[in-house]
Amino acid sequence: MEIKKRILMNSSCYKTGRTISPQGIMTHSTATPGGTAEDFISYWNGDVSECTTYIIDDTGIYQLLPEKHRSWHAGSPANDMYISYEICEPGTFQYNGQWATMGNYDPTLPENIRYFNTVYAYAVELSAYFCKKYGWEPDSSHVLCHQEGYQKGVATDHIDVLQWFPKHGKSMDDFRADVRACMNSSDGSSKPDIQIKYYVQAGSYKDEKLAKSFSAVLAQKGFPAFVKKISGMYKVQAGAFENIENARKTVEKLQEAGFEAFIVEG
């Protein structure tokens, strides 16, 4: 694994000089479609109130602060507990205020698949590196995302990365399993070939507005829904999966919540 060092010595976060005793590593995504690592490096290298320890885009992993510097990424007490990194998001979509559904993001677009596979592999390798270095188990206490930090009561209320990973068939449990596999690999590398085979469909509409409205309802219930136009119809899909068992579990959860759903092979 190659880490490109770009220590932000002009960053307000760097200048405070506060350090932590890391208890784990926290995954974030930028919520800024098209923003690159270089864009954030330039912006954060000044008097701003955010900066993570690392940032990832499809060009690699960049270190922005000394490893044990206290980064500003998720509020207190998370900032005092975790090494942090942001994953940049591709410039192929817009949120348009639809944070939970990731706007008009299409997980089946080849460019989105390529980008996600690349940055996901980098994130797995970085997390595995620190788990091995500090002797951490790759469990939810040591490897978690911002939303999981919020659920634990240690971080601010942000949804990342649960608005994105599930669209490509990856839960945080899947991520942690991939981190463990990377730790156990002979060269410490991770090249997961993510092949989406199954989609959970929860609705089909002729009217795009109705489809998006229903997608928003599902998102409010915690399902990673998105709208995809297929053969002139707007399909509301609530998850994309490599494993059919994970798809079946999502169907069961939707049905328990009062929604109709079924599995479509992609």
Side-chain angles (χ1 to χ4, degrees), residues 1-11 13-14 22 24-46 48 50-69 71-74 82-93 102 105 107 109-134 136 138 142-146 160-161 163-165 167-168 170 172 174-194:
M1 180 187 68
E2 178 188 4
I3 296 177
K4 305 171 185 179
K5 287 198 174 185
R6 297 288 297 275
I7 304 300
L8 306 185
M9 299 182 70
N10 293 322
S11 163
C13 187
Y14 176 84
I25 184 164
M26 182 173 283
T27 304
H28 301 264
S29 65
T30 61
T32 308
T36 66
E38 290 293 345
D39 291 333
F40 280 92
I41 287 167
S42 176
Y43 175 65
W44 283 341
N45 198 25
V48 295
E50 305 91 11
C51 188
T52 52
T53 326
Y54 296 83
I55 193 164
I56 293 170
D57 67 9
D58 61 343
T59 67
I61 304 169
Y62 298 81
Q63 183 177 358
L64 309 183
L65 296 172
E67 182 180 306
K68 294 186 179 181
H69 246 56
S71 60
W72 298 344
H73 62 100
Y82 301 108
I83 294 169
S84 63
Y85 67 94
E86 290 272 5
I87 305 175
C88 295
E89 299 174 3
T92 55
F93 74 105
M102 217 173 176
Y105 183 83
L109 187 70
E111 174 59 16
N112 285 341
I113 294 172
R114 181 204 67 79
Y115 186 93
F116 181 81
N117 286 354
T118 301
V119 297
Y120 182 89
Y122 284 142
V124 167
E125 289 185 14
L126 184 64
S127 299
Y129 167 77
F130 280 110
C131 283
K132 291 180 75 171
K133 181 171 183 175
Y134 287 99
W136 297 330
H142 301 101
V143 177
L144 68 166
C145 70
H146 196 154
D160 54 323
V161 291
Q163 92 287 12
W164 188 15
F165 279 24
K167 292 183 183 298
H168 289 277
K170 289 294 185 179
M172 282 303 296
D174 294 324
F175 180 77
R176 287 183 278 267
D178 290 333
V179 170
R180 183 180 296 278
C182 182
M183 293 170 66
N184 293 332
S185 69
S186 59
D187 60 358
S189 65
S190 172
K191 303 295 182 184
D193 183 16
I194 302 168

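One is the number of the first residue; the rest follow in order along the sequence.
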List the atom of P107, the atom of H168, and the distance in Å for their closest heavy-atom pair. O-CE1, 3.5 Å

Take F130 and E67 through the side-chain contact (heavy atoms from CB on, under 4.5 Å) test and state the conclusion after the steps. CA-CA 10 Å; F130 280 110; E67 182 180 306; 3.4 Å; yes

Could you tell me whether a side-chain N or O of E89 sits under 3.5 Å from a main-chain N or O of A31, the two making a donor and an acceptor? yes

dist F165:CZ -> M172:CE (nearest 0.5 Å) comes out at 6.5 Å

Tell me if a side-chain donor or acceptor on D57 pairs with a main-chain N or O of C88 at a distance below 3.5 Å. no

Of all the heavy-atom pairs spanning V143 and R176, show the shortest one and how long it is. O-NH1, 2.7 Å

Distance, nearest 0.5 Å, that separates OG1 of T27 from NE2 of H73: 10.5 Å

One should read off an interatomic distance between I87 CD1 and T118 OG1, to the nearest 0.5 angstrom, of 11.5 Å

Heavy-atom closest pair, residues Y134 and K68: OH-CE, 3.4 Å

Under a 3.5 Å distance rule, please check whether K4 uses its side chain to pair with a backbone N or O of T59 as donor and acceptor. yes

Value for CD1 (I56) from CG (L126), rounded to nearest 0.5 Å, stands at 5.0 Å

Sorted by chain and number, sequence neighbours left out, ring pair (Phe, Tyr, Trp, His ring centres under 6.0 Å) with Y43 holds for none

Assign the ring pair H142 / W136 to parallel, tilted or perpendicular, where the plane angle (0 to 90°) is split at 30° and 60°. parallel

Heavy-atom side-chain proximity of E111 to P90 below 4.5 angstrom: no

Run W44 and T52 through side-chain contact (heavy atoms from CB on, under 4.5 Å) and show every step you take. CA-CA 9 Å; W44 283 341; T52 52; 3.4 Å; yes

I need the minimum non-hydrogen distance between E86 and T30, along with the two atoms involved. OE1-N, 3.2 Å

Return yes if some donor-acceptor pair links the side-chain N/O of N10 with the main-chain N/O of N45 below 3.5 Å, else return no. no

Rounded to the nearest 0.5 Å, what separates atom CG in L64 from atom CZ in F40? 11.0 Å

Is the ring pair W164/Y105 parallel, tilted or perpendicular, if the boundaries are 30 and 60 degrees? perpendicular

Only counting residues at least two apart or in another chain, list the ones meeting side-chain contact (heavy atoms from CB on, under 4.5 Å) with D160. H28, S29, H146, H158, Q163

Test item: side-chain donor near acceptor, S84 and Y54, under 3.5 Å: no

Calculate, to the nearest 0.5 Å, the distance between atoms OH and OG1 belonging to Y62 and T36 respectively. 8.0 Å

How far apart are the closest heavy atoms of T53 and S71, and which atoms are they? OG1-OG, 3.5 Å

Identified side-chain contact (heavy atoms from CB on, under 4.5 Å) partner of S127 from the options I83, L144, D178, V179: V179

Taking all non-hydrogen atoms of both residues into account, name the closest pair between A123 and Y85 and its distance. CB-OH, 3.5 Å

Report the C-alpha distance between R6 and E38 in whole Å, list the side-chain angles of each, state the deciding distance to 0.1 Å, and finish with yes or no for side-chain contact (heavy atoms from CB on, under 4.5 Å). CA-CA 10 Å; R6 297 288 297 275; E38 290 293 345; 2.6 Å; yes

For Y14, enumerate each residue passing the side-chain contact (heavy atoms from CB on, under 4.5 Å) test, keeping only those at least two apart in sequence or located in another chain. I7, M9, S11, L65, P66, H69

